[in-house]
Structures are given as C-alpha cells and as structure tokens.
Amino acid sequence: MSTLPTINTKPSAILIGAIALAALVASWVALKDDGSAPLAAAYNTTIEADLKRARSLRSAGQAKDAFDILKVHANSGYPSALLQLGRAHMRGWGTSIDLDAARDALLLAVEYDFPARGEAAYELGRLYQRSVGEDCNALAVSWFDRAQDWGYAKAHLQLATHFERGLGTDRNLDKALQHYEAAAAFGSEAAAIKFARILKRGEAGLPADPKRADALAMVALASLEDKARGGSGSASKVLGRLYRDGDFVAMDIKTARRWLQRSSELGDPGGMHDLARLILATETDTTQVRRALAWMRRAVSLGHGGAMTAMGRYHLADRYGLTRDKAVVWFERGVDAKHAGAMAELARLYAAGDLVPRDIKKAIDLAKQGVELGHRGSQTLLSDLRLRRDTVSSNERFVRPDMSKLGSAFTFPPTQMQP
C-alpha cells in the first residue's frame with residue numbers, strides 16, 4: 001500500500017430494433033404513468049450480508065464467485081440483487097458483457113420500492129448511454145430524470161451533460177448549469193469541479209468568477225480526500241486525475257500516481273486504466289511497463305472499455321512487445337463494451353483495409369455508433385468517411401472511353417483513373 005498525499009485546502013452490446021425499443025418505451029411509460037404503486041420490498045439482512053460478501057469478492061478479483069451469489073438472489077426477485085446483477089452484466093463482472101440481460105434485471109429492480117430504486121433508474125440511464133439506436137439517448141435522459149425524482153442526486157450530473165451537449169434532448173445551457181449546480185449542492189464533487197471550471201473560464205453565458213470557482217473546487221477537493229481516505233476508489237481516481245492534469249491544484253505527477261495507485265488497490269477499473277497510462281507515459285523500465293500492462297489487463301477484466309481500446313492501440317503501434325496483428329481483437333472487445341474510441345479505431349482500419357478487409361460501409365456503421373454515443377471524434381471521422389465513400393462512388397460511375405476509336409494521339413489523364 002502506498003502513502004497517501006495530503007491536499008492543501010488554502011472529477012454483448014444491444015442494437016435496439018423498432019419492436020424491442022417500442023416495448024421498452026411502453027414498459028417505462030406504464031411504470032411512470034399508470035399510477036400503480038411500486039412493489040413492496042422487505043429488507044433481508046441475510047441477503048444483504050451475501051451481497052456485501054459478493055462486493056468484497058469482486059474487489060478481491062473473484063468476480064465469478066460474486067456473480068454466482070448475485071444470480072441466486074436476483075432469481076428470487078430481491079431488488080438490490082437485481083441492481084447488482086444488472087451492473088455485473090453491464091460491466092462484465094464475472095460474466096460476459098450483456099446489455100440485454102442488464103436491462104432486464106434493472107427493469108425488474110425499478111419496479112420495487114427499495115432504497116436504491118433511484119440508483120437502478122440511474123444505471124438504466126447509463127445503460128442506454130452505452131446502447132446504439134437513435135432513441136437511446138432520449139431514453140437515457142428519461143431514466144436519469146426518473147432517478148433524480150427518486151432521490152438519486154448523481155443523476156443531475158448526467159442530465160447536465162446531456163443538456164450541455166444536446167444528446168437525447170434539445171441543447172439547453174441554462175438547464176445544464178442548473179443540473180451541475182444541483183449535483184454540486186447534493187455533494188457530487190465531480191459536478192462541483194465541472195461547475196467550477198465553467199465559472200473559472202466564464203462559459204455558457206456565465207460571467208467568469210475565478211474566486212467562487214476556486215472556493216467551490218477547494219471544498220470538492222477536501223471532500224474527495226475524505227472519501228478517498230475512507231476507502232473510495234472513485235474519489236481516489238478523481239484526485240489522481242486532478243493532480244495529473246493540474247486542475248485546481250499544482251500539477252504533481254508523483255502525487256497523481258499515489259492517488260491512482262490507491263484507486264487501483266481499491267478495485268476501481270478507471271483508476272487502473274489511468275494508473276497504467278500514467279506509468280507508461282513516465283516510465284521506460286521493463287518492470288514498470290509490465291506492471292502497467294498488468295493493471296491495464298485487470299481493468300479489462302472488470303469490463304473497462306477504455307482499457308480494451310488502449311490495449312488495441314498499443315498492439316497497433318507495436319509497443320511494449322505487443323504485436324500489431326492482435327490489435328483488431330482488442331478493438332472488437334472495446335466495441336462490444338460500447339467504447340466509442342474502439343469504434344473509431346476499428347472504423348479507420350476498415351476504411352484503410354489495414355489488418356481487416358477494406359469495407360467503407362462497415363467503417364461508416366462503426367463511426368455512426370460512436371456518434372450515437374456522443375463521441376465528438378467519431379463525428380469528424382464519419383464526415384470524412386462519407387466524403388470518401390461518395391468520392392469512390394463517383395469515380396466508379398466514370399466509364400473509360402474506348403481509346404481505339406479516339407486515335408493514338410489521345411492521352412487519358414492519369415488522375416482520372418484513380419479509384
């Protein structure tokens with residue numbers, strides 16, 4: 001275990017078809033509008049103890065054993081187990097990623113009146129953020145809205161992002177700011193940091209207020225440290241990122257690494273991914289490189305799509321002793337995990353015919369999926385791919401004249417013969 005730094009207080013995939021989508025919308029509307037009371041859920045101390053044990057097993061790397069416990073209690077209809085099972089299917093904890101199974105478990109969970117009902121609705125929103133279909137972002141917004149109605153304040157941060165970027169709803173910066181502020185007021189340090197950034201720079205129609213921004217950020221940083229020291233892997237990860245980037249604190253790579261190490265030891269896959277990348281960016285020692293790759297693979301085992309994409313990129317670049325021919329497998333895993341970066345990387349390979357057969361249509365389909373997930377790089381890539389497709393189609397329609405009838409003095413312009 002590493003020594004913790006102190007802050008000086010002076011952030012199988014589903015392709016939904018029309019029939020399935022209609023059924024899901026109908027089930028949600030019925031749940032929201034039919035006026036029926038949610039199902040009663042009795043608290044069971046024995047089951048709760050089992051669920052706590054399952055979380056400990058997963059943190060210890062025994063995700064399959066944890067999954068088996070969740071499955072038993074989910075099959076009995078216990079809502080907290082259904083929530084945890086849905087998460088496991090979403091993230092590939094002890095099982096393969098299966099967003100259909102995750103959706104089914106979470107839809108059952110939200111029918112119950114239990115303390116984590118809002119959290120289950122939030123997870124449904126996150127699931128639709130990772131799903132492909134033109135209405136998925138709108139469904140995500142609906143579930144986040146329901147989650148905050150049911151008292152899960154973390155949903156405000158996601159709603160803020162959707163309103164800020166116009167995903168699944170009209171772009172509305174006023175509403176985005178309201179949700180950022182609400183999430184910060186409810187104790188979301190990530191929202192407080194985001195809101196502080198906006199205030200510091202004076203964005204979204206707000207005048208710059210650096211003094212208020214710094215005060216808000218310092219409160220968030222102190223809270224993050226308390227949570228991190230109390231055993232929160234997520235809080236440790238956010239602190240690591242802030243020190244890594246010099247965001248409201250002086251950039252300090254050594255301190256960033258300590259917090260990311262802490263996050264990784266606490267089982268946070270995002271912390272593992274970030275720690276691995278930081279090590280690889282700052283170390284060349286073979287032992288350290290192996291250590292970084294081990295953390296990256298551990299993040300992969302916990303369903304982290306970004307880690308899958310990173311492994312694909314390292315293979316593609318022939319780095320760290322990883323061979324280029326295995327890159328496609330990693331990108332395909334990232335696509336299955338609904339990571340837009342993997343979609344963009346694989347799209348480029350199909351467009352170039354690199355490691356895979358050249359297929360512009362498949363490249364465009366992958367880029368579209370990335371766009372639907374809100375990935376800005378995929379939007380630029382999609383425009384480029386469509387232009388390339390249209391140029392190829394135009395050239396293919398060009399018919400070369402019969403030169404034998406034009407005389408030997410005719411020279412065909414070579415640039416027009418390019419496919």
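For the pair L82/Y112, a side-chain contact is recorded, criterion being any heavy-atom separation below 4.5 Å from C-beta on. F248 is listed as a side-chain neighbour of M218, based on a closest heavy-atom distance under 4.5 Å. Counting only heavy atoms from C-beta outward, the side chains of R241 and I193 never approach each other to under 4.5 Å. Using a 4.5 Å heavy-atom threshold, the side chains of M251 and D245 count as separate. Between W143 and Y122 the shortest side-chain heavy-atom distance does not fall below 4.5 Å.
A salt bridge is absent between E181 and K194: the closest approach of a Lys/Arg side-chain nitrogen to an acidic carboxylate oxygen does not fall below 4.0 angstrom. For K64 and D68, the salt-bridge test passes: some basic side-chain N is under 4.0 Å from an acidic carboxylate O. Look at R197 and D247 and you find a salt bridge, because one of the NZ, NE, NH1 or NH2 atoms lies within 4.0 Å of a carboxylate O, short of that distance.
Ring to ring, H156 and F144 are not that close: their centroids are 6.0 angstrom or more apart. Between F163 and H179, the gap from one ring centroid to the other is short of 6.0 Å.
R376 and Q379 are not linked by any side-chain donor-acceptor pair at a separation below 3.5 angstrom, with hydrogens and angles left out of the test. Looking only at atom types and distance, the side chain of T323 has a donor-acceptor partner in the side chain of D325 under 3.5 Å away. Between the side chains of H162 and Q129, a donor-acceptor pair is found at a separation under 3.5 Å.
In this structure, S263 contributes its side chain and G233 its backbone to a donor-acceptor pair below 3.5 Å. In this structure a side-chain-to-backbone donor-acceptor pair under 3.5 Å is present from S264 to L260. Remark: side-chain polar atoms of D145 are not paired, donor with acceptor, to backbone N or O of V141 under 3.5 angstrom.
R291 is linked by a salt bridge (Lys or Arg N to Asp or Glu O under 4.0 Å) to nothing, counting only residues two or more places apart in sequence or in another chain.
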Verdict with supporting geometry, Q369 and H375, side-chain hydrogen bond (donor to acceptor under 3.5 Å, both in side chains): CA-CA 9 Å; Q369 291 181 44; H375 187 242; over 6 Å; no
Worked check of ring-ring contact (aromatic ring centres under 6.0 Å, His included) between H315 and F331: CA-CA 10 Å; H315 277 277; F331 290 141; 9.2 Å; no
Derivation of the side chain to side chain contact (heavy atoms under 4.5 Å, CB included) call for L322 and M311: CA-CA 9 Å; L322 304 175; M311 289 297 294; 4.2 Å; yes
Pair up each side-chain donor or acceptor in residues 298-306 with any protein partner under 3.5 Å, not counting sequence neighbours, and list the distances.
from, atom 1, to, atom 2, distance (Å)
R298, NH2, S59, O, 3.3
S301, OG, R298, O, 2.6
H304, ND1, G306, N, 3.3
H304, ND1, A307, N, 3.0

